[in-house]
Every structure is written in C-alpha cells, then in structure tokens.
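One structure is given below, encoded as structure tokens.
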Amino acid sequence: MIDNLRNIFATALKQAFGDDIIPVEPLVVPATNPKFGDYQCNVALPLAKQLKEKPRAIAQQIIDKIDIKDWGNPLEIAGPGFINITIKSEYIAKQIGEVYQDENLGVSKINNPQKIIIDFSSPNIAKEMHVGHLRSTIIGDTIARILEFRGHDVLRLNHVGDWGTQFGMLIAFLRLEKPEVLTTANAVDIGDLVTLYKQAKLKFDQDKEFKETARQEVVKLQNKDPESIKAWQLLCEQSRKEFQVIYELLNIQINERGESFYNPFLPDIIKDLEDADLLVKDDGAKCVFLDNFVNKKGEPLPLIVQKSDGGYNYATTDLACLKYRIQQDKATTIIYVTDAGQANHFTQVFQVAKKANFIPENVKLVHVPFGLVLAEDGKKIKTRSGETIRLKDLLDEAVNRAKKDLENRLETEARNEDENFIHQVSQIVGLSAVKYADLSQNRTTDYKFSFNKMLALQGNTAPYLLYAYVRVQGVSRKGNINLENLNINQGIILKEDSELVLAKHILQLDYIIKEVEKDLLPNRLCLYLFELSQKFNQFYDQCPILQAEEEVKLSRLILADLTAKVIKLGLSLLGISVLERM
RNA sequence: GGGUGCGUAGCUCAGUUGGAUAGAGCAACUGCCUUCUAAGCAGUCGGCCACAGGUUCGAAUCCUGUCGCACCCGCCA
C-alpha cells in the first residue's frame, strides 16, 4: 500500500517539477494522527527552498498531477503544506480481500536477497547460560526470523566461547580432583561443572604451582595432545547438551561454530596484517594502531592481535571470523547481536578489517547492540546471595507464575481444565511473556525485568496479544464456524468506524515488517501487534459478529480471522506461538 | 582523563530518523457484563521532553556547553 503511494507521488513529483528535482525521502509516511487521514506526504516543505516557491503552492502542483478517484478521497493541503491522504473504504476493503488470500498477508518478498550471517547467543562452554544471554538469544532469533521471512538467506551462528586459557585451568583442576569427568561422558552436570570452574579459578589465583600446571595444559591443548583434546571435547559436549535444553525451551534454531573453529586461521591473520603493513610490535605484543581511538595521553590506541606470549586473543578470532564468513560463507551482511558494551570492540575490529582489505564494497557489517537487563530497583540483576541468575531458573519461574495465575483464574471462573491444558498454557504464556517483554523494549536501552509486568493480562504484554487471538478462536467455536472455509468472494463490507480502523491497521503490516528489516528494532513489530490487538478489541466490543446479518457476519468473520492470522504471523516472527484457548 | 549511550506523566516505556496540539501501558478515579471469554471496552486525572544556548518556516529529535546515571578504555571475551 505505502509503496504504491510512494510510486504515485514520485511520478507526480517528476511530472510537476522535472527529473532534476532532488527527492526528499521518505515521500509518504503513515499519518501521525488519524485526523490527518491515513497517510501524509510532507515533501512540499523541504522542497520550498530548493524550488524557491511557497510550500502550499508546491503541494498544490503535486496534487494536480495525481489521479486519485480510484483509491482515495480528494487530497488535502493542510497547515504549512502537508498533503493529507485518505484512502477510500471500498479500496481498503478490496485490499483486505487480497491480503486475506495472500499466504504472506501482503508482505512482499525482497527483490535482492542477501546472504546474511547472524551471530547471536554465544554462551561460554563450562558456564551456565544466564540472564545476560537472554537478550542476544531472543533478539538474534527474532531478527533471523524476520530476515528469513523477507526472503533472505540467513545463517544463524552460535559463536560459543569454547577456547582460551580458562580451559587449561579447568582441565588441570579436573585431572586433580575429578579425573573421571575428563574421560567419561555425562560424568557431571553443568551445575557441578560451574562449581568446579569456580574452585579451579580460586586455586589458579592462589596456588603458584597449579598455575604453572594450568599453563602447561593450555600448551598441550594448543598442540592437540589427544588426551587433552578428548577432555576438552567432553566438556564441550556436556555444555552443549545444557544449552540445548534452553534452546528447545525457547524454540531457537542455531548452528554452533565456536571460537576454536577459527584457530587454524589465526596465524594467517597475523600474516595478512603484516603484508598490509599494519602490524606494529609494541611492548612485545603485535598490534594494529587505530584511528580515532586514543589513550589518556592522546596517543593512538592499539588493537592487540598477538600477545607477548604468542597467544592470540578475541580480536584476532573476530578478524579471522570476518574473513572466513566473507570468503567461505560468502556473506554479504554480517550481524552481531551483543551487548552495547562491546560497541568499541566491534568498531575497532571492523576498522582493522577494512584497513586489511578483508571487507569488499558490497559487504555490510552491522553491530546490533542491546542494553542490560536490570532488576526492578534499577541495579544489576542478581540472586539474593549476589550470584548471577541462571537463565533456566528465570524461565522456570515465569512458567510457574503463569501457572499460578491460570489456576487462580480457573478457580474464580469455576472452570475445569485438565493437567495437559494447564501445562501447555502456562508454558506458552510464561515463556512468551519473557520473550515479549524483552522484545517490546527498544533494544538499545537497558530495561527493568519484572515478572509482574510481563505476565500482566493488560497492557503491552504477551498475554494481552494471545488473548486477542483466543477471542477470534472463541468466536469460531461458539458459532461452529470453520475459519479455513470462509467465502471471500462476497467482498468485505467496512461500515463501522472500528471496522475501518482495524482494516487500515492490518494493511500496515507490510510497511512495519520492512521497517524492522531496515532498522532491526523488533519493538516496532511488538508495538504494531499491540495496537492491532487494541483495535481488534474495540471492534469486538462494538461490532457483534455472530449476531450480525449474513453478509456483514461473513465480512466481520473475515476481518477477525485476518486479525488472528496477522497476530499469529507477527508473534511467530517474535518466536512466540499462539493458543486456541487460555 | 577519553569514548559511547541514556535523561520524556507518580511508575514502566514509545516517539516511524526534523513535521501539525508530545503518545501508550500501569497505578488512581468514573461508567459498561440476561448478549461471541469483562484476561475486555469507554472516559477522567497526569508534561518546563534534565538544564542553558544555537541551527530554521518548524526541534523531544540536529549542533555546542553544563549537570546526573550507566557501560567501555594494551596483552579477558
């Protein structure tokens, strides 16, 4: 819809002022206020300077070139020179019919699909996933789903922390304390592993002799000592299984390709940087000096790519990663979903990669940063004893609370439901509440985590959206109507205000999805779905469906069913499933 | 000290990239269930958009400065 309008206005602009006109983007946007119509074109104001004419006169000349009678009411010039566009309700009705029959609900596929890598989640081996991994995991997943839906070729990569000095430490410790862990699968669970890790760290910091053993263990690992590699693989396997539990709970698809994958390519990176004349030895470490990054004294800051002991660090891995993803995976867009604290790191790595000519013109590197999850008091989220909260515990609590809410409601409403129903509903409500609460915030800022707010049945929450969907299914059950078999041929009738408002909102799905694809802000999709649910509830309140006369009833059923379809699609893009009853 | 981000209603947050009288939700208060799930709807109350300048037809949005908060800053990731 909006694309059509933009084309119409672009053509009109050229007809009125010639091809040389410098276009102002965007040409058409949804109206900021319903009283200004459905869409508006604001270009006359900025063009005033360029054309040396009055804005209202410019607006008039644009209007004169537009033939509107098929789809809109006469265009109006308002205020200093805004052009207000109102779409005829017959045209809206026609569009609704088309969207209803389109399997993608009017969202077109992209013309030039890209190969996109999304790097997200990325927990560390031998550690448990905690709240900190929540945002990366679900934001990354949502972005992947949206880009896939638009037709891109998406590769989801889990850049797990599966390498580094800490493994030497852990393996050395286990050799002493729990050797069976290193030779048998499933000898400990992850919780114990985390405890052992902490003990190892303690010993590492206190015991000089142990520290040396740990160092030697790193060397053995790096030299591919079979016994050490075997131990390392067992540890990874153990963690992997634990991650999988979370991913299945959250319905996350992701391919593991950890840091260790890039080990063989690290020496080449140093060589590349050397060949590009970028490498400088400083204090024994090999570095690349950066532009626009200075230390306290105003001297350029280095990016260290090889430590003085010969070891590589994460900057090196990230460079190898970039090179591999571009050359081997043929990625044209690479997206990193990490916390905002790593913004500096990525600017630095991207800068060096560009200097080293790793990044061709057509490749886009995108850091998608997000803020922290805070406790309700605005401080860092922690358990009472001051430890980080395990992601598993957090999700379990959400589900348990959802279950309690449900059981309370069943009691007050004197409803009887079986165990299976209660389990399924609380599972979906609890998990979707956590996901939705996160995704509905603008990801760039920190947000306060509140079970009460996310599980609330009113407001911009998952349960509110789920309920709107359930209401439609309720109508179909009550009326004994199969929504799959509605006869669309009769056409849609939009007479009541709330019908028209709902219909117009449905038609914006296409625009919203494209906006989210562009700026990678899932909260905009959430807001759209929330407003959709609100508009549906208003319609539901004001327009009886089943009691209406036959033609109107069919039309309203289609509108309700289409709303449900949009909610279902929208939520699926957020990684959330719907319920038939709740 | 330098860098980045943030500061919007009592609370939690939007604000479509510079557009019209700044919007939601929660909380508080008032109405609406013999009618498709009231888990809803309608309404009232609530603002110096941190502060001060500047840019222009027009600023919560862009620039400069000040204050406050958070995060990052050479061999961890």
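Letters A, B, ... are given to chains in the order of the sequence lines, protein chains preceding strands, and every chain is numbered from 1. As a basis for the values below, the full set of heavy atoms in this structure was taken, side chains included, without hydrogen atoms, waters or symmetry mates.
- Using C1' as the reference atom, rC13(B) and rC6(B) are 13 Å apart when rounded to the nearest Å.
- Within 6.0 Å of the NZ atom in Lys568(A), the count of heavy atoms belonging to other residues, nucleotides or ligands does not exceed 12.
- Note on Gly161(A): nothing from the nucleic acid sits closer than 4.0 angstrom, heavy atoms only.
- When rounded to the nearest whole Å, the span between CG of Leu374(A) and P of rC6(B) equals 16 Å.
- Where stacking is scored as ring centres under 5.5 Å apart with planes under 30°, Phe293(A) does not register as stacked on the base of rG3(B).
- Checked by distance alone, Asn84(A) brings a side-chain donor or acceptor within 3.5 Å of a matching partner on the base of rA20(B).
- Between Lys307(A) and rC76(B) there is a side-chain N or O to OP1 or OP2 distance below 4.0 Å.
- Other residues, nucleotides and ligands contribute at most 12 non-hydrogen atoms within 6.0 Å of the CG atom of Asn416(A).
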Report task. May I have the step-by-step check of ring-ring contact (aromatic ring centres under 6.0 Å, His included) for Tyr336(A) and Phe346(A), ending in yes or no? Result -> CA-CA 9 Å; Tyr336(A) 294 85; Phe346(A) 282 110; 4.7 Å; yes
Query raised in the report: Can you give the dot-bracket line for RNA chain B, using ( ) for pairs inside the strand, [ ] for pairs that cross earlier ones, | for pairs with another strand and . for unpaired bases, where Watson-Crick and G-U count if both distances are under 3.5 Å?
Result: (((((((..((((.....[...)))).(((((.......))))).....(((((..]....))))))))))))....
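- With P as the reference atom, rG47(B) and rA22(B) are 12 Å apart, rounded to whole Å.
- Within 4.0 Å (heavy atoms only), Ser450(A) reaches no atom of the nucleic acid at all.
- Only at 4.0 angstrom or more do the heavy atoms of residues 120-136 of chain A sit from any atom of RNA chain B, so none qualifies.
- Comparing rC57(B), rG40(B), rC75(B) by their closest approach to the side chain of Leu45(A) singles out rC57(B).
- Side-chain proximity of Thr32(A) to the nucleotides rU16(B), rC13(B), rG74(B) is greatest for rU16(B).
- The glycosidic torsion of rC41(B) lies more than 90° away from 0, which places this base in the anti conformation.
- A distance of 5.0 Å separates CG of Leu157(A) from CZ of Arg257(A), quoted to the nearest 0.5 Å.
- At least one side-chain nitrogen or oxygen of Asn537(A) sits closer than 4.0 Å to the OP1 or OP2 atom of rC41(B).
- Residue contacts shown for Tyr511(A) include a base, since a base heavy atom lies under 4.0 Å away.
- Atom CD of Glu413(A) has more than 12 heavy atoms from other residues, nucleotides or ligands within 6.0 Å.
- A gap of 31 Å separates the P atoms of rA70(B) and rA28(B), to the nearest Å.
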Report task. Test ring-ring contact (aromatic ring centres under 6.0 Å, His included) on Phe449(A) and Phe451(A) and set out the steps. Result -> CA-CA 7 Å; Phe449(A) 190 95; Phe451(A) 282 119; 5.0 Å; yes
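- Between Tyr262(A) and Tyr324(A), the angle of the ring planes goes over 60°, which puts this pair in the perpendicular group of the 30/60° scheme.
- Taking 4.0 angstrom as the limit, Asn42(A) places none of its side-chain polar atoms (N or O) nearer than this to OP1 or OP2 of rA20(B).
- At most 12 heavy atoms of other shown residues, nucleotides or ligands fall within 6.0 angstrom of atom CG in Asn292(A).
- Within 6.0 Å of CG on Asp497(A) lie no more than 12 heavy atoms contributed by other residues, nucleotides or ligands.
- As judged by a 4.0 angstrom heavy-atom cut-off over every strand, Lys49(A) is placed among residues touching the sugar-phosphate backbone only.
- The gap from the P atom of rU61(B) to that of rA52(B) amounts to 13 Å, rounded to the nearest Å.
- Gly474(A) comes within contact range of the sugar-phosphate backbone alone, with a heavy-atom separation under 4.0 Å but no base atom that close.
- Both stacking criteria are satisfied for Phe36(A) over the base of rA20(B): a centre-to-centre distance under 5.5 angstrom and an angle between ring planes under 30 degrees.
- rG7(B) and rC41(B) have their C1' atoms separated by 35 Å, given to the nearest Å.
- Residue contacts shown for Ala343(A) are absent, as no nucleic acid heavy atom lies under 4.0 Å away.
- Atom CD of Gln441(A) and atom C1' of rA70(B) are 16 Å apart (whole Å).
- Across all strands, Arg556(A) comes closer than 4.0 Å to no nucleic acid atom at all (heavy-atom distances).
- Residue Lys35(A) places a side-chain atom within donor-acceptor reach of the base of rU21(B), judged by atom type and a 3.5 Å distance cut-off alone.
- Across all strands shown, Val472(A) has no heavy atoms under 4.0 Å from either base or sugar-phosphate atoms.
- A distance of 10.0 Å separates CG of Leu266(A) from CD of Glu259(A), quoted to the nearest 0.5 Å.
- Applying the 4.0 Å criterion to OP1 and OP2 of rC36(B), one finds that Gln547(A) has every side-chain N and O outside that range.
- Only the P atoms considered, rG15(B) is 15 Å distant from rA20(B), to the nearest whole Å.
- Taking 4.5 Å as the limit, some side-chain heavy atom of Leu27(A) sits within range of a side-chain heavy atom of Leu13(A).
- Contact between the side-chain N/O atoms of Asn344(A) and the OP1/OP2 oxygens of rC71(B) is not found at any separation under 4.0 Å.
- Within the nucleic acid shown, Asp309(A) has no heavy atom closer than 4.0 Å to any nucleic acid atom.
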**Report entry** Sugar-phosphate or base contact per nucleotide [nucleotides 24-34 of chain B; S, B, -; heavy atom under 4.0 Å]
**Finding:** SSS--------
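- Of the candidates Glu499(A), Glu549(A), Glu551(A), Arg556(A) forms a salt bridge (charged side-chain N to carboxylate O under 4.0 Å, His left out) with just one, namely Glu499(A).
- At the heavy-atom level, Pro463(A) lies nowhere under 4.0 Å from the strands shown.
- Nucleic acid contact class of Gln40(A) (heavy atoms, under 4.0 Å, all strands): base.
- Counting non-hydrogen atoms under 4.0 angstrom, Pro26(A) reaches the backbone sugars and phosphates but no base.
- Considering CZ of Arg325(A) and NE2 of His159(A), their distance stands at 6.0 Å, rounded to 0.5 Å.
- Ion pair Lys565(A)/Asp561(A) flagged as a salt bridge, since at least one NZ, NE, NH1 or NH2 atom sits closer than 4.0 Å to an Asp/Glu carboxylate oxygen.
- Minimum atom distance to the side chain of Tyr540(A) is reached by rC36(B), of the listed rC36(B), rG40(B), rC75(B).
- In this structure, Lys514(A) places its NZ atom where more than 12 heavy-atom neighbours from other residues, nucleotides or ligands lie under 6.0 Å away.
- Spacing between atom OH of Tyr197(A) and atom P of rC76(B) amounts to 13 Å, rounded to whole angstrom units.
- Within 4.0 Å of Ala78(A), counting heavy atoms only, lies at least one base atom of the nucleic acid.
- rU35(B) sits 34 Å from rG23(B) when the C1' atoms are compared, rounded to a whole Å.
- Between rC13(B), rC36(B), rG74(B), one nucleotide has an atom nearer to the side chain of Leu546(A) than all others, and that is rC36(B).
- Using a 90° window around 0 for the glycosidic torsion, rU17(B) falls inside it and is classed as syn.
- Contacts of Asn33(A) with the nucleic acid, taken as non-hydrogen atoms under 4.0 Å apart, are absent.
- As rounded to the nearest Å, rG5(B) and rU64(B) have P atoms that lie 11 Å from one another.
- Atom CD of Glu517(A) has more than 12 neighbouring heavy atoms from other residues, nucleotides or ligands inside a 6.0 Å radius.
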